[in-house]
Asker: 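Supplied in structure tokens, the structure appears directly below.
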Amino acid sequence: MEKKILIPTNFTKHAWNTLVYALNLYKNIPCTFYILNAYEVPVRISLKRNHNAELEAAKAESENGLQKTLQGLNFRKENSKHKFETISRNKDLAEAIQETIDAHNIDLILMVSRGENVSINAAFENEISEVTEKVEHCPFLILPEKMQELPTAKREIVFPTNYKFPFKNKEVAALIDMAENLNASIRILYINSDGRPLTKEQEQNQEALKTYFSGVDFSFHKLTQTTETAGIHLFIESRDSNFLALYKRKQGFFSKLFSQRFKEEIDFNPKVPVLILKELE
């Protein structure tokens, strides 16, 4: 089945690297890549003529940048079944992304985060945390700025959960899809910080994951006597894992992970690509 992948771009080198990463991630899969450039020209009522000129200039710059991106893609031949569409919008980035998701039924959004770490913590004001907070009904894959190549061996995705909430199959579909694309293992991590046994409801939710992940390589893991954030960091580092998947429920594990009560939690910014799974109504 063809995948529909959305990649916002600001025409920087890192945005181009994200696009190349996406081409490699879906190297053997038919895809349409939607390349989006969102720009904003604020309206100035008293300077309407100047505003129109600014708007036309910004639109031309956006469309020219997208055309240059397409020209660059013409030199790459990863997959003859890859198609590309460009979208230029005079909108806020989150609004433009949501509009594209709704119009084209996007499967995954790829974005790059500034710096060596993936800055996804809503405790800090940055573009990534703002967009992932506002955009609904579509998963994100967020890459560190300098991430260019896929790991060649031992591909492993760490998926932390406290089993307190049931998952819908559609909510973890992007994680399963990524594991299949990469021939990667899923390591389901439970941080048992209070030492209590699983409740019956938690056991049922764990069993549901067994059913969902039956078609991929997966295993269950548990850490004790540590916090969620420290445990995830330690687990990734000790196993040299390549990816992290987080489930973003409006109220739940993801929100707790980023609470501002502890500085350790505020500092949670992974150095590996992060797949953000969104809660679906």
Side-chain angles (χ1 to χ4, degrees), residues 1-10 12 14-29 31-36 78-79 82 84 93-94 96-98 100-101 104-122 126-151 155-160 170-187 216 232 236 241-248 254 257-258 268-280:
M1 183 181 294
E2 180 183 293
K3 296 295 179 182
K4 297 182 177 181
I5 311 301
L6 174 59
I7 304 175
T9 181
N10 57 2
T12 62
H14 302 299
W16 173 259
N17 289 343
T18 304
L19 180 53
V20 173
Y21 192 96
L23 298 182
N24 289 325
L25 179 62
Y26 290 95
K27 188 173 183 178
N28 301 313
I29 297 171
C31 288
T32 297
F33 295 95
Y34 295 85
I35 306 169
L36 168 69
E78 274 86 355
N79 189 333
H82 285 173
F84 304 94
L93 179 59
I97 289 175
Q98 190 66 64
T100 306
I101 291 169
H104 299 286
N105 196 24
I106 299 296
D107 294 300
L108 182 70
I109 306 157
L110 264 80
M111 292 184 69
V112 63
S113 180
R114 295 179 183 177
E116 294 183 358
N117 295 14
V118 173
S119 185
I120 52 176
N121 190 342
N126 61 61
E127 185 177 71
I128 295 294
S129 62
E130 179 181 332
V131 169
T132 56
E133 190 71 25
K134 289 182 178 179
V135 172
E136 298 179 339
H137 311 309
C138 192
F140 285 81
L141 180 61
I142 310 297
L143 308 177
E145 192 172 59
K146 296 182 180 180
M147 184 70 62
Q148 295 184 32
E149 298 180 356
L150 292 167
R155 295 172 175 176
E156 188 170 275
I157 309 168
V158 177
F159 180 42
K170 288 183 178 180
E171 292 172 334
V172 295
L175 173 55
I176 297 167
D177 185 59
M178 187 171 170
E180 290 175 342
N181 292 348
L182 292 168
N183 193 24
S185 303
I186 299 174
R187 305 307 179 198
V216 297
I232 293 169
I236 290 174
S241 303
N242 320 108
F243 301 90
L244 173 64
L246 293 173
Y247 178 66
K248 187 170 177 57
F254 195 99
L257 198 62
F258 294 152
F268 183 74
N269 291 299
K271 293 183 178 180
V272 297
V274 178
L275 178 66
I276 299 177
L277 307 170
K278 303 300 288 276
E279 181 179 12
L280 301 178

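Being a predicted model, the structure only gives us computed values, none of them experimental.
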Asker: For the CG atom of D177 and the CG atom of L182, what is their distance to the nearest 0.5 Å?
Answerer: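 The distance works out to 9.5 Å.
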Asker: Atom CD1 in I106, atom CD1 in I7: separation rounded to 0.5 Å?
Answerer: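 Going from CD1 on I106 over to CD1 on I7, the span is 10.0 Å.
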Asker: How about L150 and K27: do any of their side-chain heavy atoms sit closer than 4.5 Å?
Answerer: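 Contact flag for L150/K27 side chains = no.
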Asker: To the nearest 0.5 Å, what is the distance between CG (L277) and CG (L175)?
Answerer: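 Between L277 CG and L175 CG, I get 6.0 Å after rounding to 0.5 Å.
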Asker: Which word best sums up how the rings of F84 and F33 line up, parallel for under 30°, tilted for 30 to 60°, or perpendicular for over 60°?
Answerer: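 If you compare the ring of F84 with that of F33, the planes turn out parallel.
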Asker: Out of T132, V131, T18, which one pairs with M111 under the side chain to side chain contact (heavy atoms under 4.5 Å, CB included) rule?
Answerer: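 Looking at T132, V131, T18, the match for M111 under the side chain to side chain contact (heavy atoms under 4.5 Å, CB included) is V131.
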Asker: What pair of heavy atoms forms the shortest contact from S241 to E156, and how long is it?
Answerer: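 So the minimum-distance heavy-atom pair works out to OG-OE2, 2.7 Å.
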Asker: In Å, rounded to the nearest 0.5 Å, how long is the span from CG of L110 to CG of L25?
Answerer: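 CG of L25 is found 6.5 Å from CG of L110.
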Asker: List the atom of N181, the atom of Y26, and the distance in Å for their closest heavy-atom pair.
Answerer: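 Closest approach of N181 to Y26, heavy atoms only: ND2-CE2, 3.1 Å.
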Asker: Looking only at non-hydrogen atoms, find the nearest pair between F159 and A245 and report the distance.
Answerer: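 Between these two residues, the closest heavy atoms are CD1-O, 3.4 Å.
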Asker: Got a second to check how far C138's SG is from I101's CD1, nearest 0.5 Å?
Answerer: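 That separation rounds to 4.0 Å.
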Asker: Taking D107 for the side chain and K4 for the main chain, is one N or O donor matched with an acceptor at less than 3.5 Å?
Answerer: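 Such a contact is found between D107 side chain and K4 backbone.
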Asker: Using 0.5 Å steps for rounding, measure from the CD1 atom of I142 to the CD1 atom of I109.
Answerer: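 It comes to 8.0 Å.
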Asker: Side chains of S113 and P144: does their closest heavy-atom pair fall under 4.5 Å?
Answerer: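 Heavy-atom side-chain distance check fails, nothing below 4.5 Å.
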Asker: Can you check whether L246 reaches F140 side chain to side chain, under 4.5 Å on heavy atoms?
Answerer: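 Not touching, per the 4.5 Å side-chain cut-off.
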Asker: I'd like to check L275 versus L141 (side-chain heavy atoms, cut-off strictly below 4.5 Å). Are they in contact?
Answerer: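 A side-chain contact under 4.5 Å exists here.
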Asker: For N24 and E149, what are the C-alpha separation, side-chain angles and deciding distance, and is it a side chain to side chain contact (heavy atoms under 4.5 Å, CB included)?
Answerer: CA-CA 8 Å; N24 289 325; E149 298 180 356; over 6 Å; no
Asker: With a 4.5 Å cut-off on side-chain heavy atoms, are E136 and Q98 touching?
Answerer: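 Yes, their side chains come closer than 4.5 Å.
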Asker: Is there side-chain contact between E171 and E279, with at least one heavy-atom pair below 4.5 Å?
Answerer: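 Yes, their side chains come closer than 4.5 Å.
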Asker: Do P160 and L244 come close enough that some side-chain heavy atom pair is under 4.5 Å?
Answerer: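 Heavy-atom side-chain distance check passes, below 4.5 Å.
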Asker: Find out whether V112 and Y21 are in side-chain contact, i.e. whether some heavy atom of one side chain is under 4.5 Å from a heavy atom of the other.
Answerer: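 A side-chain contact is absent here, since even the closest heavy-atom pair is not under 4.5 Å.
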